[in-house]
K.L.:
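Below you'll find the structure I mean.
When a ligand or atom number is given, it counts from 1 through the structure's own listing order. As a basis for the values below, the full set of heavy atoms in this structure was taken, side chains included, without hydrogen atoms, waters or symmetry mates.
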Amino acid sequence: MSFHNITVAIAKGRIMKGSQSLWKQTGLPWPVDEDSRQLWFRPQDDHPGVLIARARDIPTLVGMGIADLGIVGLDVLEEYSNTHVLQVADLDFAHCRVVLAGQNEHWPVGPTRIATKYQRITQNYFSVHRHPVEIVHLSGSLELAPVIGLAPYIVDIVDTGNTLRQHHLIEIVTILKSSARLIANQSHWRTKPGLEQLRQVLHRV
Ligand code: ATP
Ligand code: PRP
């Protein structure tokens with residue numbers, strides 16, 4: 001099967017490392033040269049091309065059809081997805097959880113402030129629970145927020161729990177279980193040859 005017309009958008013960092021080992025397990029050659037500054041690796045022979053982008057931009061690139069497929073954490077997908085994107089496989093790596101954490105194990109009493117980079121996920125979660133919250137958007141280092149008095153609670157990613165423990169924070173509730181997902185442009189998925197076949201190659205390893 002030729003995947004020559006297919007472009008996959010992949011985020012740097014953990015998702016790229018996991019994607020690279022997935023690629024190797026499938027026998028597909030990994031086209032990315034990590035030593036170069038290049039961000040677009042065009043399809044070679046029968047193999048798909050790869051675009052490298054920021055995680056939060058992957059749903060936009062796939063939704064607009066710039067890439068046919070994308071690999072992104074479910075956390076990012078829930079936060080930044082759009083109606084032109086379909087989730088087509090759970091790739092079973094980059095496992096983590098989006099949790100509410102604070103300085104004790106108790107659910108907040110009354111209106112409270114929450115620091116997070118997941119504004120949509122946090123807003124939706126607390127709306128469902130009819131609990132008023134003020135969301136403070138930070139891009140990283142969330143665990144600092146309670147320590148410096150910015151917000152008593154955070155919504156952030158947890159894997160081993162080490163980062164929370166180091167900041168004397170306690171997990172209160174899991175909001176979302178996440179892993180890497182393969183996403184597709186909705187109309188390309190219906191019309192473009194090879195996408196389902198590439199999904200099977202990536203999903204079956
Ligand atoms: P950016 O640098 O663009 O802000 P990021 O810091 O979220 O992105 P990574 O830390 O590489 O990028 O995380 C990529 C994805 O891996 C996340 O969206 C999440 O799904 C998952 N992830 C994040 N932290 C962990 C972790 N500690 N353990 C396992 N998976 C994680
Ligand atoms: C992520 C996340 C937490 C940490 C959780 O940070 O934001 O801080 O991992 O993992 P743990 O439960 O295993 O300690 P990352 O290492 O990606 O750094 P970041 O602050 O740049 O996102």
Side-chain angles (χ1 to χ4, degrees), residues 8-25 30 32 34 37-40 50-64 66-67 69-82 85-105 114-125 135-148 150-184 202-203:
V8 187
I10 300 179
K12 283 182 185 171
R14 285 186 178 87
I15 294 290
M16 190 146 97
K17 286 201 168 65
S19 304
Q20 181 177 13
S21 68
L22 184 63
W23 239 251
K24 288 186 173 160
Q25 289 172 60
W30 177 244
V32 178
E34 264 126 290
R37 299 288 303 157
Q38 206 176 323
L39 299 172
W40 185 15
V50 169
L51 277 183
I52 298 171
R54 290 298 293 270
R56 71 191 72 161
D57 298 333
I58 304 284
T60 306
L61 294 173
V62 173
M64 293 181 75
I66 306 300
L69 299 173
I71 301 180
V72 71
L74 180 62
D75 53 329
V76 172
L77 190 57
E78 292 280 319
E79 188 67 21
Y80 296 102
S81 196
N82 60 72
V85 164
L86 283 178
Q87 196 189 130
V88 295
D90 183 346
L91 297 176
D92 204 22
F93 67 86
H95 289 277
C96 58
R97 291 168 291 126
V98 177
V99 309
L100 172 70
Q103 283 165 321
N104 60 53
E105 72 275 27
I114 299 184
T116 187
K117 60 177 175 182
Y118 298 103
Q119 287 168 284
R120 193 200 271 182
I121 291 172
T122 304
Q123 193 60 66
N124 287 348
Y125 182 78
I135 295 173
V136 181
H137 182 254
L138 291 181
S139 310
S141 302
L142 269 309
E143 293 83 358
L144 261 184
V147 179
I148 59 177
L150 176 64
Y153 297 92
I154 64 171
V155 168
D156 195 17
I157 290 287
V158 172
D159 178 26
T160 61
N162 286 340
T163 314
L164 284 186
R165 273 191 293 278
Q166 277 192 16
H167 293 86
H168 309 289
L169 294 173
I170 295 168
E171 202 176 312
I172 299 167
V173 67
T174 295
I175 296 177
L176 177 75
K177 286 186 180 168
S178 180
S179 55
R181 303 298 160 109
L182 184 68
I183 60 172
L202 294 172
H203 193 42

K.L.:
Could you pull out every donor-acceptor pair under 3.5 Å between side chains of residues 87-95 and any protein atom, sequence neighbours left out?
P.N.:
from, atom 1, to, atom 2, distance (Å)
Gln87, OE1, Arg181, NH1, 2.8
Asp90, OD1, Asp92, N, 3.0
Asp90, OD1, Ser179, OG, 2.8
Asp90, OD2, Ser179, OG, 3.4
Asp92, OD1, His95, NE2, 2.8
His95, NE2, Asp92, O, 3.3

K.L.:
Within this structure, what is the CG-CG distance for the pair Leu39 and Leu51, rounded to the nearest 0.5 Å?
P.N.:
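Here the rounded value is 8.5 Å.
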K.L.:
For atom 5 (P) of ligand 1, what's the nearest protein heavy-atom neighbour? Residue, atom name and distance, please.
P.N.:
Lys117 NZ, 4.1 Å
K.L.:
Using a 3.5 Å distance criterion without hydrogens, assess whether the side chain of Glu79 forms a donor-acceptor pair with backbone atoms of Gln119.
P.N.:
yes
K.L.:
Considering the heavy atoms of Gly13, write down every atom of ligand 1 situated less than 4.0 Å from one of them.
P.N.:
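Going through ligand 1 atom by atom, the ones under 4.0 Å from Gly13 are 11 (O).
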K.L.:
At a 4.0 angstrom heavy-atom cut-off, what protein residues surround ligand 2?
P.N.:
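These residues qualify: Arg14, Lys117, Ser141, Glu143, Asp156, Ile157, Val158, Asp159, Thr160, Gly161, Asn162, Thr163.
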K.L.:
Tell me which protein heavy atom sits closest to atom 20 (O) of ligand 1, plus the residue, atom name and distance to 0.1 Å.
P.N.:
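Atom 20 (O) of ligand 1 sits closest to the protein heavy atom Asp75 OD1, 2.7 Å.
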K.L.:
Verify the contact flag for atom 22 (N) of ligand 1, where contact means a protein heavy atom under 4.0 Å away.
P.N.:
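Yes, there is a protein heavy atom closer to it than 4.0 Å.
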K.L.:
What protein heavy atom lies closest to atom 14 (C) of ligand 1? Include the residue and the distance to one decimal.
P.N.:
Ile15 CG1, 3.9 Å
K.L.:
Is the closest heavy-atom distance from Arg56 to ligand 1 below 4.0 Å?
P.N.:
yes
K.L.:
Have a look at ligand 1 and work out which part of Arg54, if any, has a heavy atom under 4.0 Å from it: side chain, backbone, both or neither.
P.N.:
side chain
K.L.:
Taking atom 16 (O) of ligand 1 as the point of reference, which of Lys12, Arg181, Arg14 owns the nearest heavy atom?
P.N.:
Arg14
K.L.:
Looking at Leu142 and Ile154, what are the two nearest heavy atoms and their distance?
P.N.:
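Closest approach of Leu142 to Ile154, heavy atoms only: O-CG2, 3.4 Å.
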